[in-house]
Amino acid sequence: MEWLKRFPRRETGRSDTINTLRRLMPYARVEISPIGRALLAAVAATACGLVIPLVIERIIDGPVAEGDMRELAIMCGIVLGLSALEAVFFLARQRLVIAPSARVEVRMREALYAHIQRLSPAFHDGWPSGQLLSRATVDLNAISRFLRYSLVYLVVNAFSIVAGLGILFWMSPLLGLIFTVIILPVGINAMIFEAKYQEHSEIAQDQRGDLTTHVEESVLGVRVLKAFGRSKQATAAFRHTAELLRKTEMKRAHVLGLLVASVVGLPEFALGVVLVIGGSLVARGTMSNGELVAAIAIVAFLQWPLESNGYLIAEANEAAAATKRYFALLDAEVTITDPGQPEPLPEPVRGGVVFEGAHFRHPGAQMDLLAGIDLEIRPGETLALVGATGSGKSVLAGAITRLHDLTGGRILLDGTDIRRLPLAALRGEVAMVFEDPVLFSGTIARNVRLDRDHLTDAQVREALRVANAEEFVDALPFGLETQVGEQGFALSGGQRQRIALARAVVGRPKLLVMDNPLSALDVHTEAEVEAALRRVLRDATALVVAHRPNTVYLADRVALLDEGRIVAVGAHRQLLRECPRYRALMAPHEVEVAGRTMP
Ligand SMILES: Nc1ncnc2c1ncn2[C@@H]1O[C@H](COP(=O)(O)OP(=O)(O)OP(=O)(O)O)[C@@H](O)[C@H]1O
Ligand SMILES: [Mg+2]
């Protein structure tokens, strides 16, 4: 069972942050003008902040030195005005950026959801649902946070640093040079940091996905865990996964700590050095008091952009890791797609199905599960499919609606290869009843209708009647509008199965594919559903996967699947007589039934 060891797949590793983040461009491009306006407002706010030290220089060297009170009042008014303007631009930036970044997030979330819907069941078998969930929530949050705050601040900081350094160099090339040399290691450190941090971020986000899977599975399987008294062990396993995440987070915090220490320490050290050297320049008379105060003010102004860059780079790395995880999912190829030039379904649909040399092999498997199936379900007939457990009956049934594509051969619906039909049209014609009846939280009516809004209430009721579910539904407190609870667990197994059956027969489909549809019913209910189903099957073509003779009795003919091939087709009685393999599968029941009916 090599194939069972395939997951989880974790492809963490070094990748270029900017190139990774660039993949967000198609989503952000539509919002380029509001984001641009927000950036402009942010840059304007910073520019106001940078001009203030220059005005202060004029105040000290002008009105303060000359004792001109009128001029002093005017200049101070300008400083206050600039501060107020800075606040206004800051507010504008905040307002402008929120709406577009929220829209980008929504668009990305929708794209992810739509893609998850298009991916085949085989893909979903290989991906733990917690990983999907964490990508749709935690990772998208990290991306959104980056677009909303970090991106803008990174641009603003870059502008502040370049503009601030420019002014410093212009005022005093010596001070500019000293300051630049001292803060240079911050940049180098940031580059080293980037490589490590992104890797840790990715591992942490992956482990968060594992944690989500753990919570999800233990909540869904809460009955099993309780019944077997395994709650303590489940908690211990959870703690282990949480511990792994904690360790990764500690490593991440350590890497961040090293960066922050340099990012906070060096600019402050630079401030001290500028003060000492600037002071000596003033003492020697090569610099005015005002220039020194302005230089100090600029260096002080640069503290925050330099310091915050540490956190912003961390956020950018986190967003890059999230982007990588998001696109790993979005890049997963949708293998079951509409044909390039679809052919319309021939009208009226009669529902005849023909398997021609159908092969199916799971990816990576050594052998074909279906090894050349030739089988015809004639229009209007009900064919039962019988075979040992694990022989591929469900796979064969699912291939009719292209839940998975054959790896060889073809399936014809009314003479047309199903791969040439539009997927939606094919799936609209074929109604399926699955082995395990899956219900969604919501009302009974919603579960039968499944968003097919054209179905009338009368049709829903008729379907419930066929599935022998009307009586129990009417006895529920709110009838059709009763909520079935998470995954329908408020209902019994047999009730869920009958709702799933109603969902398939509603609107009288022409082709029904039913995978063991009566398995969860008691003998009495089974007989009633069987009788009602007979009426539906009279006007439809159907393939019924059957484990028990009672289900086989619904069919006109029976096909036996064995070792990947259809080894016998015929009436139930005939196969019992002529096919030992069939007898071996069905006879124990036969004896039982006979025993009961013939005292
Ligand atoms: N990725 C895989 N690689 C190889 N074999 C796989 C893979 N996934 C599933 N299988 C096998 O394929 C078979 C699937 O068969 P299927 O579910 O159609 O059986 P079935 O006839 O419906 O059985 P049952 O009567 O128990 O419902 C199983 O034997 C299963 O172990
Ligand atoms: Mg099955």
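Count residues from 1 along the sequence. Just follow the structure's listing: the first ligand is 1, and inside any ligand the first atom is 1.
- Nearest approach of A322 to Q205, heavy atoms of both residues: CB-NE2, 3.3 Å.
- Within the structure, ligand 1 has H547 among the residues with a heavy atom less than 4.0 angstrom away.
- Against a heavy-atom cut-off of under 4.0 Å, S394 is close to the following atoms of ligand 1: 17 (O), 18 (O), 20 (P), 22 (O), 27 (O).
- Using bins of under 30°, 30° to 60° and over 60° for the plane-to-plane angle, the ring pair F327/Y27 lands in the tilted bin.
- For R107, the salt bridge (charged side-chain N to carboxylate O under 4.0 Å, His left out) criterion is met by E31, not counting sequence neighbours.
- For the pair G390 and ligand 1, the shortest N or O to N or O distance falls below 3.5 Å.
- Between atom 26 (O) of ligand 1 and the options L369, T389, L396, the minimum heavy-atom separation is to T389.
- When each of L330, L140, L21 is paired with T323, the side chain to side chain contact (heavy atoms under 4.5 Å, CB included) condition holds for L21 and for no other.
- Using the six-membered ring where Trp is involved, H362 and F360 have ring planes that are perpendicular, over 60° apart on the 30 and 60° scheme.
- Counting the atoms of ligand 1 from 1 in the order shown, those under 4.0 Å from a heavy atom of E435 are 24 (P), 27 (O).
- Note that the OG atom of S129 and the CG atom of L220 stand 7.5 Å from one another [nearest 0.5 Å].
- Side chains of E343 and T416: no donor on one and acceptor on the other come within 3.5 Å.
- Inclusion of A365 in the set of residues having an N or O under 3.5 Å from an N or O of ligand 1 is not warranted.
- Each protein N, O or S atom less than 2.8 Å from the Mg ion (ligand 2) was counted, giving 3.
- Ligand 1 has at least one atom lying under 4.0 Å from a heavy atom of A388.
- In terms of N/O distances under 3.5 Å, ligand 1 is approached by V395.
- For R534, the salt bridge (charged side-chain N to carboxylate O under 4.0 Å, His left out) partners two or more places apart in sequence, or in a different chain, are E530.
- One side chain, D210 or Q131, offers a donor N or O that lies under 3.5 Å from an acceptor on the other.
- Rounding to the nearest 0.5 angstrom, the gap separating the CG atom in L132 from the CG atom in D139 is 11.0 Å.
- Checking K393, R361, Q366, H362 against atom 7 (C) of ligand 1, the nearest heavy atom belongs to H362.
- When the salt bridge (charged side-chain N to carboxylate O under 4.0 Å, His left out) test is applied to D453, no partner is found at least two apart in sequence or on another chain.
- When heavy-atom distances to ligand 1 are checked against a 4.0 Å cut-off, D125 has no atom that comes that close, whether in backbone or side chain.
- The salt bridge (Lys or Arg N to Asp or Glu O under 4.0 Å) with R252 is formed by just one residue from the set E202, E318, E199; it is E318.
- Heavy atoms of S391 come nearer than 4.0 angstrom to ligand 1 in at least one pair.
- Taking distance alone, with nitrogen or oxygen atoms compared against 3.5 Å, D515 stays at or beyond that limit from ligand 1.
- Close approach of ligand 1 to G392 (heavy-atom distance below 4.0 Å) involves ligand atoms 15 (O), 16 (P), 18 (O), 19 (O), 20 (P), 21 (O).
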